[in-house]
Amino acid sequence: MNVLLLGSGGREHALAVKIAQSSCLGKLFTAPGNPGTAECGQNIPLNISDFEAIGNFIEENSIEMLVVGPEDPLVNGIADYFADRPVSVIGPSKDGAMLEGSKDFAKDFMTRHGIPTALYKSFDKSQLQQGYDFLEKLAPPFVLKADGLAAGKGVIIVDSLSEAKASLKEMLDGKFGAASSRVVIEEFLRGIEVSVFVLTDGKSYKILPEAKDYKRIGENDRGLNTGGMGAVSPVCFADRAFIDRFEKKIVEPTIRGLQKDGIYYKGFIFFGLMNCGGEPYLIEYNVRMGDPETEAVMPRLNGDILDLFDGVAKGTLDTKQCSICPETAVTVVLVSGGYPEEYRKGIEIEGISSIKGNKVYHAGTSENGGKLLTSGGRVLTVTALSGNLQSALDSVYDSVRKISFDGCYYRRDIGKDLLNY
Ligand code: AMP
Ligand code: GLY
């Protein structure tokens with residue numbers, strides 16, 4: 001089977017490695033890819049928003065499966081665009097992608113289908129006063145969310161009511177452009193977060209390994225939010241009882257809800273959960289895998305991912321085997337100094353070839369004249385898989401220390417909070 005994978009981050013490199021191991025694979029193409037995906041197949045300079053060009057490539061290269069890494073093409077309807085063509089798309093329809101594309105849609109879906117989530121209301125510009133009134137009824141901290149996609153920056157959490165009111169007005173006045181023309185205000189959930197991933201063919205599903213993401217730039221979860229600075233899988237507090245409750249109270253109603261609402265969904269669902277005293281609450285859906293969580297989850301997935309994808313495409317996922325490696329994966333993200341604000345690009349990276357055993361995934365890198373250079377904020381992710389959390393931590397940081405580029409920064413506390421949990 002020939003496969004086209006869309007995207008260019010660490011997530012896509014991790015997916016490409018897994019796809020390249022499949023016995024069902026003919027040729028793997030990644031568009032646009034990065035120097036890491038180039039080691040797993042061939043990179044193709046296609047724009048992932050240009051569905052027509054992607055369609056031509058698919059036809060010319062007999063692509064049978066299109067795997068969509070990031071959310072943007074899904075929210076823009078790539079699965080619908082290819083619905084009548086002889087290619088299977090791993091990723092939901094535009095309607096399904098609304099679960100990530102609109103927080104208001106997602107919250108309405110959760111509420112209608114009885115899925116535990118924070119109490120909420122949503123407001124547009126004409127409802128500013130109602131928004132203020134709702135804020136006055138809530139206890140701090142206040143959670144305000146831009147309805148639409150805002151590159152992971154659309155959530156504001158503030159302690160004072162006056163700040164919350166000012167933020168609401170700013171958002172409705174266009175702080176995040178059209179994405180915040182509607183704002184969801186919700187109750188603050190106290191607990192500890194975990195991400196759980198599910199692969200579904202729309203009827204049945206497989207629960208993939210969970211992961212904990214470290215979102216803040218600074219150690220001890222301080223400083224600005226980032227795309228993610230590290231991940232650990234498995235997560236000790238997401239024990240069997242918690243995952244069972246998650247399956248019953250969140251996964252099953254989600255799959256049933258999609259069916260009831262007539263939403264075509266074949267692909268990954270990323271459940272952003274809050275563990276509130278052992279009870280799972282759904283904070284958000286994403287309609288794709290997480291980054292850097294994928295780099296911790298994929299190494300724990302035993303078996304052939306294209307066989308699972310084939311089950312997704314054909315609606316036979318229930319007949320497929322999905323076994324999970326019990327070892328612990330720790331992923332550390334190396335970023336360019338200044339990220340998530342301004343940072344330099346084009347800095348030479350050294351030391352990767354000296355790493356043995358652990359996996360180095362490329363995120364924001366490029367190649368020029370045989371040199372590997374930085375080309376983004378999140379530059380590389382390194383994953384170690386080992387018998388326990390401590391040995392995985394020792395191993396991953398041993399590898400991370402071998403990599404160098406001017407301004408390289410990484411958090412040294414990934415997973416430390418879970419050591420004595
Ligand atoms: P989201 O984009 O919805 O995942 O929100 C970004 C982050 O804000 C989440 O990962 C949480 O850390 C935090 N957050 C969002 N909603 C809530 C909530 N209702 N209570 C507490 N924290 C929240
Ligand atoms: N690491 C969080 C995300 O991929 O959305």
Side-chain angles (χ1 to χ4, degrees), residues 7 9-12 14-15 69-72 74-75 99-107 110-111 115-122 134-135 138-159 164 167 171 176 179-180 183-197 210-217 221-233 235 268-276 279-298 331-333 335 340 361 363 377-378 381 411 414:
R11 165 181 53 211
E12 285 73 26
L15 286 168
E71 64 277 15
D72 277 328
L74 296 166
V75 173
L99 288 179
E100 176 165 359
S102 164
K103 302 253 184 223
D104 185 47
F105 177 91
K107 293 292 289 192
M110 294 174 208
T111 311
I115 294 164
T117 188
L119 180 109
Y120 85 107
K121 271 193 175 153
S122 79
F134 185 62
L135 282 169
L138 294 176
F142 302 95
V143 183
L144 295 96
K145 300 184 173 184
D147 175 49
L149 291 183
K153 299 193 172 80
V155 176
I156 290 180
I157 301 181
V158 290
D159 283 319
S167 294
M171 288 170 91
F176 299 107
S180 64
V183 173
V184 167
I185 301 178
E186 66 182 41
E187 180 190 37
F188 184 83
L189 294 172
R190 249 165 248 285
I192 179 159
E193 285 181 72
V194 58
S195 308
V196 193
F197 303 92
E210 75 284 356
K212 184 173 191 289
D213 180 18
Y214 293 77
K215 289 188 207 287
R216 301 298 189 100
I217 188 73
D221 293 325
R222 301 239 167 86
L224 293 173
N225 248 329
T226 71
M229 295 295 293
V232 175
S233 177
V235 180
F268 292 106
I269 313 179
F270 166 153
F271 295 86
L273 304 180
M274 189 70 88
N275 178 340
C276 303
E279 280 300 321
Y281 282 78
L282 185 58
I283 297 179
E284 64 165 348
Y285 290 111
N286 293 309
V287 298
R288 46 155 180 99
M289 287 297 290
D291 194 353
E293 294 94 324
T294 308
E295 293 96 299
V297 167
M298 283 301 137
T331 298
V332 175
V333 182
V335 305
Y361 297 109
R378 291 197 290 176
T381 67
R411 276 180 61 167
I414 302 302

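Just so you know, these numbers use all the heavy atoms, side chains as well, and skip hydrogens, waters and symmetry mates. For ligands, and for the atoms within them, numbers begin at 1 and follow the listed sequence.
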Do me a favour and list the nearest non-hydrogen protein atom to [atom] with residue, atom name and distance?
atom: atom 3 (C) of ligand 2; answer: Arg288 NH1, 3.6 Å
atom: atom 2 (C) of ligand 2; answer: Asp213 OD2, 3.4 Å
atom: atom 6 (C) of ligand 1; answer: Val155 CG2, 3.8 Å
atom: atom 20 (N) of ligand 1; answer: Leu189 N, 2.8 Å
atom: atom 23 (C) of ligand 1; answer: Ile157 CD1, 3.9 Å
atom: atom 9 (C) of ligand 1; answer: Glu193 OE1, 3.5 Å
atom: atom 17 (C) of ligand 1; answer: Glu186 OE2, 3.8 Å
atom: atom 2 (O) of ligand 1; answer: Lys103 NZ, 3.1 Å

Could you list the residues that satisfy ring pair (Phe, Tyr, Trp, His ring centres under 6.0 Å) with Phe176, not counting sequence neighbours?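 Per chain and number, Phe176 pairs via ring pair (Phe, Tyr, Trp, His ring centres under 6.0 Å) with no residue.
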Are the side chain of Asp104 and the backbone N or O of Asp147 linked by a donor-acceptor pair below 3.5 Å?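 Looks like no, no N/O pair under 3.5 Å.
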Ignoring hydrogens and angles, tell me if any N or O in the side chain of Glu100 forms a donor-acceptor pair with the backbone of Val287 under 3.5 Å.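 Here the side-chain-to-backbone pair exists.
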Which bit of Arg11 gets closer than 4.0 Å to ligand 2, counting heavy atoms only: side chain, backbone, both or neither?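 Looking at Arg11 and ligand 2, no heavy atom falls under 4.0 Å.
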Are any of the heavy atoms in Gly228 under 4.0 Å away from ligand 2?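 False for this residue.
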Residue among Asp221, Asp213, Val335 satisfying side chain to side chain contact (heavy atoms under 4.5 Å, CB included) with Met229: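 Looking at Asp221, Asp213, Val335, the match for Met229 under the side chain to side chain contact (heavy atoms under 4.5 Å, CB included) is Val335.
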Here's a test for you: under side chain to side chain contact (heavy atoms under 4.5 Å, CB included), which of Val184, Ile115, Leu119 qualifies with Lys107?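 Exactly one pass, corresponding to Val184.
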So, Arg288 and Asp72, do they make that salt bridge, N to O below 4.0 Å?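 No.
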Taking the minimum heavy-atom distance to atom 15 (C) of ligand 1, which of Glu284, Lys145, Glu100, Met274 ranks first?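 Residue with the shortest heavy-atom distance to the ligand atom: Lys145.
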Under the criterion side chain to side chain contact (heavy atoms under 4.5 Å, CB included), I'd like the reasoning laid out for Met289 against Met298: C-alpha separation, chi angles, the key distance, then a yes or no. CA-CA 10 Å; Met289 287 297 290; Met298 283 301 137; 4.2 Å; yes
Ring centres of Phe270 and Tyr285 under 6.0 Å apart?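 Ring centres of Tyr285 and Phe270 not closer than 6.0 Å.
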Kindly confirm or rule out an N or O of Lys215 lying under 3.5 angstrom from an N or O of ligand 2.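 It does not: no N or O of Lys215 is found under 3.5 Å from an N or O of ligand 2.
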Part of Lys215 within contact of ligand 1 (heavy atoms, under 4.0 Å):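 Contact part for Lys215 vs ligand 1: side chain (C-beta onward).
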